[in-house]
Amino acid sequence: MAADTTPPAAPEDGLVGITIDGRTARVAKGTLVTDASAILGIHIPVYCAHPKMDPVAVCRMCLVHVEKMPKLQPACATPVSEGMVVSTERADVAKTREGVLEFLLLNHPLDCPVCDRGGECDLQDFAFRYGPQASRFPITEKVHFNKAVPLSDRIELDQERCILCWRCTRYYDEITGEKELVLQERGVHTLVNTFEGKPLTSAFQGNLPEICPVGALTNRKYRFKARPWDLQRTKGVCPTCSYGCNINIDSRDFEIKRFASRDNPLVDDMWLCDRGRDSGPSWNNVERIRRPVLRDATGSREVSVSEAVAAAARSLREVRERHGPSSIAVLGSAENTNEEIWLLQRLARTALETPHLDHQLEAFPDIGPEEHALGIAEIEQCAAVIVLGDEPEREAPVLTLRLFKAQTKRGVAIRRVVAQATRSLVGELPAEGLIGLIADETNREHATALAGELSRSHQVRRMTVTRGVNGRGAKDLGMLPNSGPGYTAVDQAGKAGRHILEASAAGLITGLVVMGGSVWSASVTPLLERVAAALEVLVVIDTRPGPLSRAATVLIPGHAIFEKGGTVTNMEGRVQRVRPALPPATQTPSETRILSALAAELGAAGWPGDHLLINRELVTAVPAYARAGNGGRALFEAAVRA
Ligand code: SF4
Ligand code: SF4
Ligand code: FES
């Protein structure tokens with residue numbers, strides 16, 4: 001039976017009926033033909049079109065036939081209309097595609113065997129799928145341009161591979177607003193170059209090789225490191241800050257070769273900052289702690305994991321018996337997963353019975369969920385956003401791109417405020433609509449005062465840019481001296497991070513457990529030397545050697561974030577999974593298993609050690625995490641009400 005190609009009737013639902021290659025659908029009015037065809041599973045090749053940029057229709061690769069139109073139309077710039085009938089398979093469409101590809105390949109070098117993009121190149125793929133069988137032009141007559149032109153210490157341009165799609169220059173115009181790349185000359189002589197020949201300085205230039213559809217722009221740090229088919233890809237979360245950009249961890253031979261972006265429109269919107277992107281390979285060569293060690297006045301010796309755990313428990317019990325539970329403290333870090341944090345705070349509160357616990361050195365007074373109400377994507381829905389100081393964007397660089405998008409594409413007024421709260425600010429804000437207020441951990445007090453002032457006239461939603469990949473999760477789950485899991489009240493407030501170290505140096509705390517402290521320890525090395533000299537027991541679980549591990553009486557190797565499973569929570573409360581991408585550098589069991597074994601030695605048997613079982617326990621205890629699930633936001637009651 002012949003397929004019914006009549007587009008469905010048009011009810012008043014804001015949708016329009018369209019037929020592409022005989023398949024029908026109803027899609028939102030204004031949808032581009034390329035997007036509608038993707039919904040129907042029909043492939044239309046594109047070069048200049050990019051999902052995050054406005055259409056310019058310069059490459060003509062996407063030309064399709066639209067019924068009742070005299071010429072082929074660019075699908076990337078043609079919005080659907082009611083009853084539109086499109087063909088992507090007609091002979092004239094196929095012939096035009098062949099022509100476009102033949103033209104693009106005219107002077108294109110035969111570089112595929114040595115091009116970094118080979119294997120993931122749209123020119124290679126489309127030439128194979130839609131291109132002519134053979135070129136009508138002799139290979140010896142190709143016009144050559146400059147190769148390997150450095151645009152900065154990160155990016156290299158191969159001018160003869162460029163197909164002039166303009167994506168890179170539009171990226172600078174539309175996404176970062178920095179205008180560092182330009183098109184020079186005209187016609188066949190057109191070339192991409194940096195503005196006035198100056199090197200690129202953007203903190204987001206690492207995105208260029210990903211948006212370039214061919215191998216014209218390549219990453220100098222990744223050049224010739226691997227072929228796409230040699231890479232093992234694992235979904236992950238950038239470990240460098242609390243923004244939580246989604247990444248693909250590409251590894252080869254048990255080494256991270258690159259971080260590639262993984263589009264999450266609610267978080268990164270497909271972009272990574274260079275700091276995060278470049279951090280990937282730095283994990284390969286770091287010195288690691290590999291074996292458990294016991295240390296006393298006579299020296300140090302390697303031991304088994306069970307000996308180390310038993311020795312840690314024995315010494316902590318002795319300290320508790322001699323000086324009481326308040327003489328013990330527990331410090332974690334913003335690099336611990338949620339499951340590790342869950343057990344670590346439980347170890348402190350129930351097995352060791354101490355109120356002194358924290359995950360960072362800086363105190364976090366008056367913490368509450370109301371400072372975490374604003375989501376990253378919600379920035380675009382605000383009437384105005386106030387950013388206190390420049391630290392939030394330095395802490396979480398991709399936030400800058402979201403703010404720029406909100407301003408340029410959604411008309412959100414962005415105000416950067418450095419001075420203390422002023423009444424004049426209120427008068428400058430739009431009378432209607434939501435006001436976003438973004439602060440970092442150092443200016444929370446200012447944010448609280450300003451939010452109080454603004455909330456008399458406006459609806460205000462706050463965001464605090466936390467530090468470290470899981471700084472937010474550590475706070476949500478109560479790795480704090482003044483707040484329990486889910487921001488519940490605690491019976492007795494304990495000492496915050498730096499006060500714990502100072503009390504240890506003064507001999508008031510005599511037993512200390514530290515997990516992942518190498519993240520913050522380098523900044524307090526002199527204090528740590530005094531701490532180490534004064535403590536009776538220092539139990540350290542860590543990945544990298546440092547002042548803490550060198551002073552530990554019991555040292556147990558930990559796992560880098562790419563070597564374990566679990567979840568981390570970004571600064572807006574989005575709970576995201578991390579998965580093992582590399583084999584562990586140590587044979588020691590995971591941190592969660594070590595903590596559960598330590599609790600058992602301390603008399604608290606039956607704690608789960610597997611991260612999935614721990615997660616089940618924590619979502620039962622903290623309903624906001626149950627509601628968040630995998631990939632959603634943990635919203636606490638006060639935040640939901642805000
Ligand atoms: S360098 Fe790449 S992104 Fe830029 S115009 Fe050329 S092909 Fe397009
Ligand atoms: S903004 Fe943060 S999470 Fe995103 S890529 Fe940069 S460092 Fe990584
Ligand atoms: S992708 Fe449509 S014209 Fe370039």
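Ligands are counted one by one from 1 in listed order, and the atoms in each one are counted from 1 as well.
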Worksheet item: At what distance is the nearest protein heavy atom to atom 7 (S) of ligand 1, and which residue and atom is it?
Response: I163 N, 3.4 Å
Worksheet entry | Which residue and heavy atom of the protein sit nearest atom 2 (Fe) of ligand 2, plus the separation | C241 SG, 2.2 Å
Worksheet item: Of the listed options (P239, P397, C273), which comes nearest to atom 5 (S) of ligand 2 when hydrogens are ignored and any heavy atom counts?
Response: C273
Item to complete: Would you mind running through ligand 1 and noting each atom that sits below 4.0 Å from a heavy atom of A216?
Response: 1 (S), 2 (Fe)
Worksheet item: Is the distance from atom 2 (Fe) of ligand 3 to some N, O or S atom of C62 under 2.8 Å?
Response: yes
Discussion item. Which of the numbered atoms in ligand 1 are under 4.0 angstrom from any heavy atom belonging to V214?
Written reply: 7 (S)
Fill in: Subset of ligand 2 atoms that lie under 4.0 Å from at least one heavy atom of G244
3 (S)
Discussion item. For the CG atom of N264 and the CE atom of M270, what is their distance to the nearest 0.5 Å?
Written reply: 11.0 Å
Fill in: Y171 ring center near W271 ring center (under 6.0 Å)
yes
Item to complete: Please report the shortest heavy-atom distance between E180 and T201, naming the atom on each side.
Response: OE2-OG1, 2.6 Å
Item to complete: Can you sort out which atoms of ligand 2 are near T240, meaning under 4.0 Å from one of its heavy atoms?
Response: 7 (S)
Practice prompt. Check whether any side-chain heavy atom of L403 lies under 4.5 Å from a side-chain heavy atom of R416, and answer yes or no.
Written response: yes
Worksheet entry | Contacting atoms of ligand 1, where contact means under 4.0 angstrom from a heavy atom of L217 | 1 (S)
Item to complete: May I ask you to list the atoms of ligand 3 that are less than 4.0 angstrom from any heavy atom of V46?
Response: 1 (S)
Worksheet entry | Closest protein heavy atom to atom 3 (S) of ligand 2, given as residue, atom name and distance to 0.1 Å | C245 N, 3.4 Å
Fill in: Atoms of ligand 3 close to Y47 [distance to a heavy atom under 4.0 angstrom, numbered from 1]
1 (S)
Practice prompt. Apply salt bridge (charged side-chain N to carboxylate O under 4.0 Å, His left out) to K475 and E441, showing your working.
Written response: CA-CA 12 Å; K475 292 169 184 69; E441 292 195 1; 3.0 Å; yes
Discussion item. Is it the case that the side chains of S279 and T240 hold a donor-acceptor pair, with the cut-off being a distance below 3.5 Å and no angle test?
Written reply: yes
Practice prompt. Measure the spacing between CG of L200 and OG1 of T194 and express it to the nearest 0.5 Å.
Written response: 6.0 Å
Worksheet item: Going by atom types only, do E391 and T442 share a side-chain donor-acceptor pair under 3.5 Å?
Response: no
Worksheet entry | Short N/O/S contact of C76 with atom 2 (Fe) of ligand 3 (below 2.8 Å) | yes
Worksheet item: Measuring to atom 4 (Fe) of ligand 1, does C168 have an N/O/S atom at a distance below 2.8 Å?
Response: yes
Worksheet entry | Passing option when E174 is tested against K409, H50, K52 for side-chain hydrogen bond (donor to acceptor under 3.5 Å, both in side chains) | K409
Discussion item. Can you confirm whether the side chains of N338 and T569 place a donor and an acceptor under 3.5 Å from each other?
Written reply: yes
Worksheet item: What atoms in ligand 3 come closer than 4.0 Å to a heavy atom of A49?
Response: 1 (S)
Fill in: Where ligand 3 meets R60 - atom numbers and elements under 4.0 angstrom, heavy-atom basis
3 (S), 4 (Fe)
Worksheet item: Relative to the heavy atoms of C238, which atoms of ligand 2 are at a distance of less than 4.0 Å?
Response: 3 (S), 5 (S), 7 (S), 8 (Fe)
Fill in: Flag side-chain contact, heavy atom, 4.5 Å: C382 against L374
yes
Fill in: Which of the ligand 2 atoms, numbered from 1, are nearer than 4.0 Å to a heavy atom of V398
1 (S), 4 (Fe)
Practice prompt. Would you mind checking which non-hydrogen protein atom is closest to atom 8 (Fe) of ligand 1, with the distance to 0.1 Å?
Written response: C165 SG, 2.4 Å
Worksheet item: How about Q184: does its CD atom have over 12 heavy atoms from other parts shown lying under 6.0 Å from it?
Response: yes
Worksheet item: Side chain, backbone, both or neither: which part of W166 has a heavy atom under 4.0 Å from ligand 1?
Response: backbone
Worksheet, complete the sentence: So the atoms of ligand 3 within less than 4.0 Å of a heavy atom of C59 turn out to be 1 (S), 3 (S), 4 (Fe)
Worksheet item: What are the atoms of ligand 3, with element, lying closer than 4.0 Å to any heavy atom of A57?
Response: 3 (S)
Discussion item. Under 6.0 Å between ring centres: does that hold for F126 and Y47?
Written reply: yes
Discussion item. Could you check whether any side-chain heavy atom of M61 comes within less than 4.5 Å of a side-chain heavy atom of D122, counting everything from C-beta outward?
Written reply: no
Fill in: Sub-6.0 Å ring centroid separation between H359 and F364
no
Worksheet item: Looking only at heavy atoms, is any part of L181 under 4.0 Å from ligand 1, and if so is it the side chain, the backbone, or both, or is it neither?
Response: neither
Worksheet item: Near atom 6 (Fe) of ligand 1, is there an N/O/S atom from C212 that is less than 2.8 Å away?
Response: no
Fill in: For atom 6 (Fe) of ligand 1, the protein heavy atom that lies nearest, with its residue and separation
C162 SG, 2.3 Å
